Protein chains: 2
Amino acid sequence: MPRPSANADTSRRILDTAERLLQTRGYNAFSYADIAQSLRVTKASLHYHFRTKAELGQHLIERYQQSFAEALADIDRTSSDSRQRLRRYIDLYLGVLRDGRMCLCGMLAAEYATLPKSMKTELKKFFDENERWLIEVLEKGRAARELRFSGPARETAMLLISSLEGAMLLARSYDDVARFDATAHGLLAALTVDS
Amino acid sequence: MPRPSANADTSRRILDTAERLLQTRGYNAFSYADIAQSLRVTKASLHYHFRTKAELGQHLIERYQQSFAEALADIDRTSSDSRQRLRRYIDLYLGVLRDGRMCLCGMLAAEYATLPKSMKTELKKFFDENERWLIEVLEKGRAARELRFSGPARETAMLLISSLEGAMLLARSYDDVARFDATAHGLLAALTVDS
DNA sequence: GTCTATAGGTGGATAGAC
DNA sequence: GTCTATCCACCTATAGAC
């Protein structure tokens with residue numbers, strides 16, 4: 001995915017480090033120097049693998065999106081009902097937060113106005129895919145009388161994404177995962193038939 | 001509020017410009033040079049009014065918080081019921097979004113890890129005050145049977161703040177205020193007795 | 001693939017004239 | 001209060017040796 005002739009493992013380690021920096025500090029608040037220091041290589045070496053920071057950023061979103069898509073596919077395969085699917089969807093966010101990180105795409109959404117065009121395009125794909133997956137879960141859940149909500153499923157899907165991203169943002173500012181839990185609990189309770 | 005001997009009007013114009021830049025680009029993505037260019041003064045002149053960027057940032061939060069507090073007090077004075085108070089609270093966010101901006105404190109929450117300590121402290125005060133106000137509206141609304149929600153009011157208050165901040169984040173990425181409207185509508189519907 | 005060295009630009013901040 | 005001039009650290013990115 002980076003330069004075709006590059007060592008895959010090195011490229012992966014660069015992405016891992018850049019991902020952590022992006023999710024904790026933001027795209028505009030980390031540099032090639034930060035990655036280089038963490039991996040004990042020079043900045044010039046990083047540019048061999050990812051020519052520009054914009055290119056690196058684009059790869060980060062693509063990889064994050066793919067990883068998320070795989071997690072969603074796993075939830076689809078191994079969950080029995082819609083309520084469990086939603087619970088596990090929320091747990092994806094929780095896992096990121098427990099690692100001291102913000103959702104990569106939520107972070108980039110805040111910095112949206114300053115991002116290169118290629119990153120803006122990739123970013124929207126992530127949210128579109130999340131929305132698409134949630135709409136299906138919500139509609140099937142309502143049909144099976146496992147979930148309860150009024151109006152179009154898309155409206156509730158957008159509410160879910162917004163709430164979870166916002167809850168991560170706030171929980172990180174208070175360094176308090178319990179804040180996220182409380183919000184997620186209220187959200188799930190409002191959607192569950194026997195609330 | 002800046003340097004005591006500084007011209008108040010000039011300081012206010014600096015704050016206005018910095019506020020707009022912060023709300024559109026983020027704290028780490030604007031500079032004294034940006035403000036200087038917009039106001040047609042030099043960077044050195046800005047440093048006379050606000051010695052450091054951290055100091056400027058702190059003043060920005062304090063002013064934003066005061067402005068928000070006044071708006072909430074106005075809602076308290078001139079609203080008849082809890083549902084209307086919530087609607088007008090949401091409209092505060094909507095007004096910011098319509099101006100092409102993110103909530104100043106939501107933006108800073110994303111950049112939290114990189115902020116100077118003085119700004120971190122002020123930031124939490126903003127969210128605490130919002131939470132305090134919402135809890136009172138929610139509890140009175142439930143007692144008057146105007147609002148319906150389960151569990152502690154604080155949980156729903158945190159859900160409201162998180163959802164609205166998250167919805168702004170997403171709506172800005174899509175440059176689509178309607179996305180915010182849809183989320184807000186779903187949120188209000190879930191809390192209203194006759195949904 | 002990784003290094004040294006460096007270019008060319010911008011960041012926040014200060015000294016001192018006016 | 002605002003200016004010119006400047007400092008030094010940092011930024012992204014490249015050239016060319018090894």
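Because only heavy atoms are used, hydrogens play no part in the values below, and waters and symmetry mates are left out as well, while side chains stay in. Chain letters run A, B, ... following the sequence lines, proteins first, then strands; residues in each count from 1. In this text the structure is predicted, and so the values were computed from the model without any measurement.
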Closest nucleotide among C:dT2, D:dT2, C:dA13 to the B:Y48 side chain: D:dT2
task: Side chain of A:H49 only, please: which of D:dA13, C:dG12, C:dT2 is the nearest?
output: C:dT2
message: Quick check with a 6.0 Å cut-off and a 45 degree axis cone: is A:K124 positioned over the face of A:Y112's six-membered ring?
response: no
- line: Contacts of B:Y32 meeting ring-ring contact (aromatic ring centres under 6.0 Å, His included) (sequence neighbours excluded), chain-then-number -> B:H47
message: Suppose we screen for ring-ring contact (aromatic ring centres under 6.0 Å, His included). Which residues come up paired with A:F126, at least two apart in sequence or across chains?
response: A:Y64, A:F68
Spacing of B:F30 atom CZ and B:L56 atom CG [to the nearest 0.5 Å]: 5.5 Å
- prompt: Can you tell me how far the CG atom of B:L72 sits from the CG atom of B:L92, to the nearest 0.5 Å?
  reply: 6.5 Å
- request: Mark yes when over 12 heavy atoms from residues, nucleotides or ligands other than B:E131 sit less than 6.0 Å from its CD; otherwise mark no.
  value: yes
The criterion is salt bridge (Lys or Arg N to Asp or Glu O under 4.0 Å); which residues satisfy it with [X], sequence neighbours excluded?
X	value
A:D176	none
A:E129	A:R132
B:K120	none
A:R85	A:D76

field: Contacts of B:E155 that satisfy side chain to side chain donor-acceptor pair (under 3.5 Å) - sequence neighbours left out
entry: A:H185
message: Checking A:D175 now: which residues fulfil side chain to side chain donor-acceptor pair (under 3.5 Å) with it, not counting sequence neighbours?
response: none
- prompt: When clusters are formed by joining ILVMFWY residues with side-chain heavy atoms under 4.5 Å apart, either directly or through shared neighbours, do A:V177 and A:M168 land in the same one?
  reply: yes
Residues within residues 32-42 of chain A bordering DNA chain D, heavy-atom distance below 4.0 Å: A:Y32, A:A33
query: For residues 8-31 of chain A, which residues have at least one heavy atom under 4.0 Å from DNA chain D?
result: A:F30, A:S31
task: Using whole Å, report how far CG of B:L46 lies from P of D:dT4.
output: 13 Å
field: Close approaches to DNA chain C from residues 112-122 of chain B, in residue order (heavy atom, under 4.0 Å)
entry: none
Grab the N/O contacts between the protein and nucleotides 14-18 of chain C below 3.5 Å, and write none if there aren't any.
none

